Amino acid sequence: MNYKEAVQAAAQQATAKGYEPKRAEWLLLDLLDWSLTDYVLHMQDEMTTQHEQLYQQAVARMLTGEPIQYITGFQSFLGEKFNVDERCLIPRPETEEVLMYFLERLPKQSVVADIGTGSGILAVMLKRLEPSLKVYASDLYEGPLEIAQSNAKLHQTEITLMQGSDLEPYIEQGIRLDGLISNPPYIDESESVDMTDTVLDYEPHQALFAKEHGLAIYRAIVEKLPQVLNDQALVVFEIGYNQGAVLKQMIETMYPQLKVDVIADINQNDRIVAFKWSE
């Protein structure tokens, strides 16, 4: 069997299970660390025994609905590879836009925090792209922090990891911030009926869902902002497509002096809530 035949067979199996057939090709490329060009060059080659065994085992997992990123153990983000597993959420492409929006508006040498860091992708990339930043990253759970630590080591970046709920670790240590970014759990549990089994069965629910129609974590963070933010600190939240107006209203009701912006992503879905802090 050559590589093309193996992919075609796996694609047929994926289709029969109701999955996107291109997953078969993506899986092979990620497993072998190949580019599409590599695949085109080698697709007619006889598959090695090692590659055949590796691929068949991975295909079996794929056909259960397990995300490719958990099978291969990594996700690409801004062109870089990051470790991921079932302890953390798989980062989405839209989050790249959120990161760049935040970074482009931050002064150099700022002290910043990533709240609910998960795999640590935001914190690590902030430090990589702007080494002058002092970067903190926190999460409520130990598992994601272990993944974040592995990614900091992988990318040789120095970030400070802390465990705790919302802003509590920063308050406890008296840390003041010039910037805060967060992609917290923001999905209302009622929306689970519209989500795929691949997400629901494998990705950690604590990283997906939040109470108060998905707004609970935002509220917990926003209520404590006066205790951690310096004047003119930049705050950027990633949000669900239907949360912009209600989150803007929540923040401006708590702090009438603030001007809160809601920014759409490349697909014209509301993706970012942002504001500059002032007393």
Side-chain angles (χ1 to χ4, degrees), residues 30 66-103 106 110-173 175-187 199 202-210 217-218 220-221 224 228 234-239 272:
D30 285 352
E66 186 173 358
I68 289 174
Q69 294 90 336
Y70 289 164
I71 298 171
T72 61
F74 77 88
Q75 165 72 325
S76 294
F77 190 83
L78 288 173
E80 302 288 346
K81 286 185 176 182
F82 286 83
N83 299 322
V84 294
D85 65 22
E86 67 281 352
R87 292 173 292 175
C88 67
L89 194 69
I90 298 168
R92 272 55 172 180
E94 305 85 51
T95 304
E96 295 179 358
E97 293 185 59
V98 182
L99 172 68
M100 295 311 299
Y101 181 94
F102 182 66
L103 184 62
L106 269 180
S110 293
V111 178
V112 302
D114 171 23
I115 312 300
T117 194
S119 60
I121 279 179
L122 291 179
V124 170
M125 285 307 298
L126 282 169
K127 186 66 175 178
R128 282 204 63 183
L129 294 172
E130 182 46 69
S132 73
L133 298 176
K134 169 63 176 175
V135 180
Y136 292 92
S138 57
D139 202 283
L140 180 58
Y141 301 99
E142 185 175 345
L145 288 172
E146 291 173 354
I147 298 295
Q149 181 63 56
S150 75
N151 282 318
K153 184 177 181 180
L154 175 66
H155 291 278
Q156 299 180 320
T157 51
E158 186 178 342
I159 61 175
T160 301
L161 294 168
M162 300 188 295
Q163 186 171 2
S165 179
D166 50 80
L167 299 184
E168 288 302 320
Y170 305 89
I171 295 169
E172 291 170 4
Q173 297 192 34
I175 296 168
R176 305 295 296 192
L177 303 171
D178 305 307
L180 183 156
I181 188 170
S182 183
N183 178 19
Y186 59 67
I187 301 174
V199 174
Y202 289 95
E203 298 198 58
H205 284 202
Q206 69 267 20
L208 292 167
F209 299 105
I217 311 301
Y218 297 117
I221 294 172
K224 298 168 185 173
V228 301
L234 174 65
V235 177
V236 168
F237 292 123
E238 179 168 341
I239 61 170
I272 297 169

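From a predicted model like this one, the values you see are computed outputs, not experimental measurements.
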About how many Å separate [atom2] of [Y] and [atom1] of [X], when rounded to the nearest 0.5 Å?
X	Y	atom1	atom2	answer
Ile115	Phe237	CD1	CZ	8.5 Å
Phe102	Ile272	CZ	CD1	11.0 Å
Ile159	Leu161	CD1	CG	4.5 Å
Thr117	Leu89	OG1	CG	11.5 Å
Lys81	Asn151	NZ	CG	12.5 Å
Leu154	Ile147	CG	CD1	11.0 Å

Exercise. Please list all pairs passing the salt bridge (Lys or Arg N to Asp or Glu O under 4.0 Å) test where one or both residues lie in residues 122-151, with sequence neighbours left out.
Key: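 Non-adjacent pairs meeting salt bridge (Lys or Arg N to Asp or Glu O under 4.0 Å): Glu80-Arg128, Arg87-Glu146.
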Quiz item: Near Glu172 CD, under 6.0 Å, is it more than 12 heavy atoms from other residues, nucleotides or ligands?
Solution: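 Count over threshold, so yes.
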Any idea which heavy atoms bring [X] and [Y] closest together, and the distance?
X	Y	result
Ala123	Asp114	N-OD2, 3.7 Å
Phe77	Arg92	CE1-O, 4.1 Å
Val98	Glu238	CG2-OE1, 3.6 Å
Tyr70	Asp85	CE2-O, 3.0 Å
Gly179	Leu106	CA-CD2, 4.2 Å
Gly118	Ala148	O-CB, 3.7 Å

Practice problem: Begin from the C-alpha positions of Met100 and Leu78 and carry the test side-chain contact (heavy atoms from CB on, under 4.5 Å) through to its verdict. | Solution: CA-CA 10 Å; Met100 295 311 299; Leu78 288 173; 4.1 Å; yes
Exercise. Walk me through it: do Ile221 and Val235 pass the test side-chain contact (heavy atoms from CB on, under 4.5 Å)?
Key: CA-CA 11 Å; Ile221 294 172; Val235 177; over 6 Å; no
Quiz item: Short question: side chain of Gln69, backbone of Gln75 - any donor-acceptor pair under 3.5 Å?
Solution: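 Flag not set: sc Gln69 to bb Gln75 has no pair under 3.5 Å.
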Exercise. Applying side-chain contact (heavy atoms from CB on, under 4.5 Å) between Ser110 and each of Asp178, Leu234, Leu177, report the one that passes.
Key: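 Filter result, single survivor: Asp178.
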Practice problem: Test side-chain contact (heavy atoms from CB on, under 4.5 Å) on Ile121 and Leu99 and set out the steps. | Solution: CA-CA 10 Å; Ile121 279 179; Leu99 172 68; 5.9 Å; no
Side-chain donor-acceptor contacts of residues 162-171 below 3.5 Å, not counting sequence neighbours, with atom names and distances?
| from | atom 1 | to | atom 2 | distance (Å) |
| --- | --- | --- | --- | --- |
| Gln163 | NE2 | Leu140 | O | 3.2 |
| Asp166 | OD1 | Lys224 | NZ | 2.7 |
| Glu168 | OE2 | Lys224 | NZ | 2.7 |
| Tyr170 | OH | Ser138 | OG | 2.9 |

